[in-house]
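To start, the structure under review is shown below, and the notes come after it.
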Amino acid sequence: MPELLPPTVRLRDSWLAAYAEWEPGAHMEGAGLGADDDVDSPEGFAAWVERLRRCEDHTIPPEEGRVHTTYWWIAEGDTYLGAIDLRHWLNAFLLDAGGHIGYSVRPSARRRGLATWALGAALHEARTRGMDRVLVTCSPGNPASARTIERNGGVLEDVRKTLIGRKRRYWIDL
């Protein structure tokens, strides 16, 4: 049975195996992985995990251009399956293109309903934080993600050109 876990160094080997499944340069939505993050060394991986965990702490100002965010890993036992994040509010960029929630599932774990389950779990967390509506986006060329959003109550507002390409923008009432 899958669960959402805070990022943890305990899943490093599984996370690295999942990372190797992605095409070089592919964006792992919801993972919080930056170009400068060193995930290859144990120390660098631990520092990245700690940075992700600090992102939700409202006593620490977010990095420039960022908002407070809660990150979870989708896991089954000791197996990393994917990631999902909940952005606590929207800045101009997130309102236009990124939304409140981003997610990705490792290629070998797709087509099992994990993204639909994880999005539902993140929506529950959004409700507990007092949010009443969230924006979730996906690329027009990703019908699986569109179905995931729609299965969780997403209502398409529009498809628009953004700084990161065309995006389908869905609102979900909580």
Side-chain angles (χ1 to χ4, degrees), residues 2-110 112 114-115 117-119 121-123 125-126 129 131 134-139 141-142 144-145 148-149 162-167:
E3 60 183 325
L4 294 186
L5 301 173
T8 175
V9 295
R10 178 177 63 83
L11 296 182
R12 179 176 179 264
D13 291 341
S14 183
W15 188 93
L16 288 171
Y19 184 64
E21 293 178 10
W22 293 81
E23 292 186 27
H27 178 65
M28 296 170 60
E29 183 64 46
L33 183 62
D36 295 334
D37 290 315
D38 166 27
V39 294
D40 294 322
S41 73
E43 299 80 16
F45 192 87
W48 173 59
V49 165
E50 180 57 29
R51 180 180 66 76
L52 293 180
R53 294 182 79 142
R54 280 193 321 267
C55 286
E56 73 177 312
D57 185 344
H58 284 253
T59 66
I60 302 170
E63 296 174 16
E64 180 71 29
R66 303 280 183 169
V67 301
H68 287 105
T69 303
T70 302
Y71 291 94
W72 296 282
W73 288 355
I74 307 163
E76 214 164 39
D78 287 334
T79 303
Y80 171 91
L81 301 171
I84 191 162
D85 66 359
L86 173 63
R87 298 158 193 133
H88 300 184
W89 66 84
L90 299 177
N91 59 20
F93 169 76
L94 294 173
L95 179 61
D96 184 50
H100 286 98
I101 297 174
Y103 55 86
S104 60
V105 174
R106 71 188 287 177
S108 65
R110 293 180 182 159
R112 293 177 36 194
L114 290 168
W117 171 83
L119 179 55
L123 292 171
E125 293 293 330
R129 292 178 179 274
M131 301 170 86
V134 298
L135 176 66
V136 186
T137 70
C138 69
S139 297
N142 189 343
S145 190
T148 292
I149 298 165
T162 73
L163 289 173
I164 57 173
R166 293 184 55 77
K167 291 291 176 183

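Quick note: numbers below take in every heavy atom, side chains included, and nothing from hydrogens, waters or symmetry partners.
Side-chain contact between Arg110 and Val105: present, with at least one pair of heavy atoms (C-beta onward) separated by less than 4.5 Å. For the pair Leu5/Leu11, a side-chain contact is recorded, criterion being any heavy-atom separation below 4.5 Å from C-beta on. Inter-residue side-chain proximity for Ser14 and Thr79 is flagged as met; some heavy-atom pair is nearer than 4.5 Å. Taking 4.5 Å as the limit, every side-chain heavy atom of Ile84 sits out of range of all side-chain heavy atoms of Trp117.
Without hydrogens or angle criteria, His100 side chain to Leu86 main chain gives no donor-acceptor distance under 3.5 Å. The main-chain N or O of Gly34 is found under 3.5 Å from a side-chain atom of Asp37 such that the two form a donor-acceptor pair. Although no hydrogens or angles enter the test, the distance criterion places a donor-acceptor pair under 3.5 Å between the side chain of Arg87 and the main chain of Gly98. Panel note: side chain Asn91, backbone Phe93; a donor-acceptor pair is recorded below 3.5 Å.
Scanning for salt bridge (charged side-chain N to carboxylate O under 4.0 Å, His left out) contacts around Asp78 gives Arg10, with sequence neighbours left out. Annotation: side chain to side chain donor-acceptor pair (under 3.5 Å) contacts of Thr69 (sequence neighbours excluded): none. Residues that satisfy the ring pair (Phe, Tyr, Trp, His ring centres under 6.0 Å) test with His68, not counting sequence neighbours, are His58, Trp89. Partners of Glu125 according to the salt bridge (charged side-chain N to carboxylate O under 4.0 Å, His left out) rule, which considers only residues two or more places apart in sequence or in another chain, do not exist here. Here Tyr103 pairs with Ser145 under the side chain to side chain donor-acceptor pair (under 3.5 Å) rule; sequence neighbours left out. A search for ring pair (Phe, Tyr, Trp, His ring centres under 6.0 Å) contacts involving Tyr19 returns Trp15, not counting sequence neighbours. By the ring pair (Phe, Tyr, Trp, His ring centres under 6.0 Å) test, Trp22 is found to be paired with no residue, residues two or more places apart in sequence or in another chain being considered. In this view, Arg66 satisfies the salt bridge (charged side-chain N to carboxylate O under 4.0 Å, His left out) rule with no residue, not counting sequence neighbours. Here Arg166 pairs with nothing under the side chain to side chain donor-acceptor pair (under 3.5 Å) rule; sequence neighbours left out. Not counting sequence neighbours, the partners of Arg112 by the salt bridge (charged side-chain N to carboxylate O under 4.0 Å, His left out) test are Glu76. For Asp38, the side chain to side chain donor-acceptor pair (under 3.5 Å) criterion is met by Ser41, not counting sequence neighbours.
Expressed to the nearest 0.5 Å, how far OG of Ser104 lies from CG of Asp85 amounts to 9.0 Å. The CG atom of Leu123 lies 4.5 Å from the CD1 atom of Ile101; values are rounded to the nearest 0.5 Å. Note: Asp40 CG to Phe45 CZ = 10.5 Å, rounded to the nearest 0.5 Å. Atoms CG and OG1, on Asn142 and Thr148 in that order, are 8.0 Å from each other to the nearest 0.5 Å.
When all heavy atoms of Leu114 and Ala109 are compared, the pair lying nearest together is CD1-O, 3.4 Å. Contact between Leu81 and Ala75 at its shortest, heavy atoms only, is CD1-C, 4.1 Å. Trp72 approaches Pro6 most closely through the heavy-atom pair CD1-N, 4.3 Å. Of all the heavy atoms in Val9 and Ala46, the pair that sits closest is CG1-CA, 3.7 Å. Shortest non-hydrogen contact noted between Trp73 and Val49 is CH2-CG2, 4.0 Å. For the residue pair Thr137 and Ala97, the shortest heavy atom distance occurs at OG1-O, 2.7 Å.
Side chains of Thr70 and Glu56: a donor on one and an acceptor on the other come within 3.5 Å.
Within 6.0 Å of CG in Leu163 there are 12 or fewer heavy atoms belonging to other residues, nucleotides or ligands.
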Requested in this report: Evaluate the criterion side-chain contact (heavy atoms from CB on, under 4.5 Å) for residue pair His27 and Ile164; output intermediate values, then yes/no.
Outcome: CA-CA 12 Å; His27 178 65; Ile164 57 173; over 6 Å; no
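Residues Glu43 and Arg12 are not paired through a salt bridge, judged by the lack of any N-O separation under 4.0 Å between the basic side chain and the carboxylate.
Counting only residues at least two apart or in different chains, salt bridge (charged side-chain N to carboxylate O under 4.0 Å, His left out) contacts with residues 13-26 comprise Glu21-Arg106.
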